[in-house]
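Just so we're clear, the structure is a prediction, and the values are computed from it rather than from any experiment.
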Amino acid sequence: FFLWLHYVNPHTPYDPPEALLSQFRGDGVIPRGPELEIVTGYHGGLNRHLAVDGETHWGDYVDRYDAEILAVDAHVGRVFDALAASPHAEETLIVFTSDHGESLGEHDYFFDHGFDLFNPSLRIPLIASFPGFLPAGERIHGSVSTLDVYPTILDLAQLSFPTGPAELQGKSVLPLVRGTTSRLHAHIFFQNDQHLMAITNGRLKLVRYPDTEDRGAQFQLLDMYRDPAELENRYEGSEAHIAPFEAQLSSFRTQTAAWQQATDTKRAGPSTEDEELPEQTRRSLESLGYIEK
C-alpha cells in the first residue's frame, strides 16, 4: 500500500485546541515579547486576519503555533500507533517531511512563509524509518532537497527510476546514509511563488530577485557561516568572485522554465470551463492565502 497524508496544520490562522494551548501559555519558555502592530500584510506586525482578541504580543502567537504542532503530533501518533498494531509495521517505510518552514518574525516577517528565501522558510525536517533497511536513531549530516524524497523512496522499494530529461530531478539519499558519500549535491536550488530563485553551496547563498519595470534583477549574497541570521548582503564587490555561482543560478532558471513548459504540455488536456468552487472550499483556500478575497 501507499498512503500520503498532508496535514495542513501547523498553518495560519493558528487555531489550536484550547486544552493544548493552555500547556504553552505562561510556561516561561517563550516570553510574550513585544506587542505587535496590526498590519494588512505580513511584514512589520500581525496580519489583521490572524489577530485574536486579547492576544497582542509576539509570544502569544508563537504559543499558538507550538500548540498546533502538538495537535498534529497527536494525530500523526494515531497513525503510527495503528501501524504498530498491524502486521505491516516491520515492512513499512515512513517518510516525514514538510513543504515549507515558517517565519516567526525573522526579517520583520511574521507568521507566514513563501515571501522570501531565508532559512526559516526553507529548512524543514526529513525523517525516515524503515526497519531492517535504515539505521535507527542515526542523524545524517548533509543537505538534501525535497526533490530527493521521490528517488529515495524508489531506491528503498527497489523500483526502477523513470528516465527522460524531465522525469527525475532529485537523487536518492541512500549514499549519504551508507556513508559512501559525504555530500549529495554540490549545490541546492530554491524558488518560490514570488519569483525569487536562489542557489547555495552550504555556506554561501545567492538570491536573485526578479526584474521590475524600473530596474533589472537584484541579488543578495549571504554567508550563512559568518551571518547565520542572514542579515548582511555581501553581493556588492563580490560580483567577479561569484560569477560562476551566478551562471549556475541562471542555468537553473532556464532549466526550470523548460521543465515547466514540458510539464504543462504533458498535462494539457481538453479545455473546460472553470467550475465554481464550493463556498467552504473557497473560504478554506482564502484562509490559507492560496486565493484572494
- Message: Can you confirm whether the side chains of Asn9 and His75 place a donor and an acceptor under 3.5 Å from each other?
- Response: no

- Message: Can you give me the closest heavy-atom contact between Pro151 and Leu147, atom names plus distance?
- Response: CD-O, 3.2 Å

- Phe252 CZ: over 12 foreign heavy atoms closer than 6.0 Å: yes

- Message: Over 60° means perpendicular and under 30° means parallel, so tell me whether Phe219 and Tyr235 are parallel, tilted or perpendicular.
- Response: parallel

- Message: Can you tell me if Glu236 has over 12 outside heavy atoms packed within less than 6.0 Å of its CD?
- Response: no

- Flag for Tyr7-Glu68: side-chain donor and acceptor within less than 3.5 Å: no

- Please report the closest heavy-atom contact between Gly33 and Trp58, naming both atoms and the distance. CA-CE3, 4.4 Å

- Message: For Glu102 and Tyr14, which I'm curious about, is there any donor-acceptor pair between the side chains at under 3.5 Å?
- Response: yes

- Below 4.0 angstrom, N of the basic side chain to O of the carboxylate: do Arg226 and Glu232 qualify? no

- Query: Does Tyr109 offer a backbone N or O that forms a donor-acceptor pair with the side chain of Ser103 under 3.5 Å?
  - Reply: yes

- Do Asp223 side-chain atoms and Asp227 backbone N/O form a donor-acceptor pair below 3.5 Å? no

- Query: For the side chain of Glu239 and the backbone of Gly237, is there at least one donor-acceptor N/O pair under 3.5 Å apart?
  - Reply: yes

- Show your reasoning for whether side-chain hydrogen bond (donor to acceptor under 3.5 Å, both in side chains) applies to Asp148 and His185. CA-CA 10 Å; Asp148 301 324; His185 300 282; 2.8 Å; yes

- Query: For Ala89 and Ala84, which heavy atoms make the closest approach, and how far apart are they?
  - Reply: CB-CA, 3.9 Å

- Query: If you draw a 6.0 Å radius around CD in Gln158, do more than 12 non-hydrogen atoms from other residues or ligands fall strictly inside?
  - Reply: no

- Message: If I compare all heavy atoms of Val177 with all of Glu138, which pair ends up nearest, and what's the gap?
- Response: O-OE2, 4.3 Å

- Query: Considering residues, nucleotides and ligands other than Glu279, do more than 12 of their heavy atoms fall under 6.0 Å from its CD?
  - Reply: yes

- Donor-acceptor contact present, side-chain Asn47 to main-chain Tyr42, <3.5 Å: no

- Task: May I ask whether Phe110 and Ile30 are part of the same hydrophobic cluster, defined by side-chain heavy atoms of I, L, V, M, F, W, Y residues being less than 4.5 angstrom apart, directly or through others?
- Result: yes

- Task: Could you tell me whether Arg203 atom CZ has more than 12 heavy atoms of other residues or ligands within 6.0 Å of it?
- Result: yes

- Between Leu176 and Arg183, the two heavy atoms sitting closest are CD2-N, 3.8 Å

- Note on the structure: Distance col, row Met197:CE vs Tyr209:OH, nearest 0.5 angstrom, shows 14.0 Å

- Message: Out of the candidates His195, His43, His107, only one should pair with Phe115 under the ring pair (Phe, Tyr, Trp, His ring centres under 6.0 Å) rule; please name it.
- Response: His43

- Task: Mind listing the closest non-hydrogen atom pair of Thr200 and Leu204 along with its distance?
- Result: OG1-O, 2.8 Å

- Is a donor on one side and an acceptor on the other found under 3.5 Å between the side chain of Ser86 and the backbone of Leu83? yes

- Item | Under 3.5 Å: donor-acceptor pair, side chain of His113, backbone of Asp99 | no

- Item | From NZ (Lys205) to CG (Leu249), nearest 0.5 Å | 12.5 Å

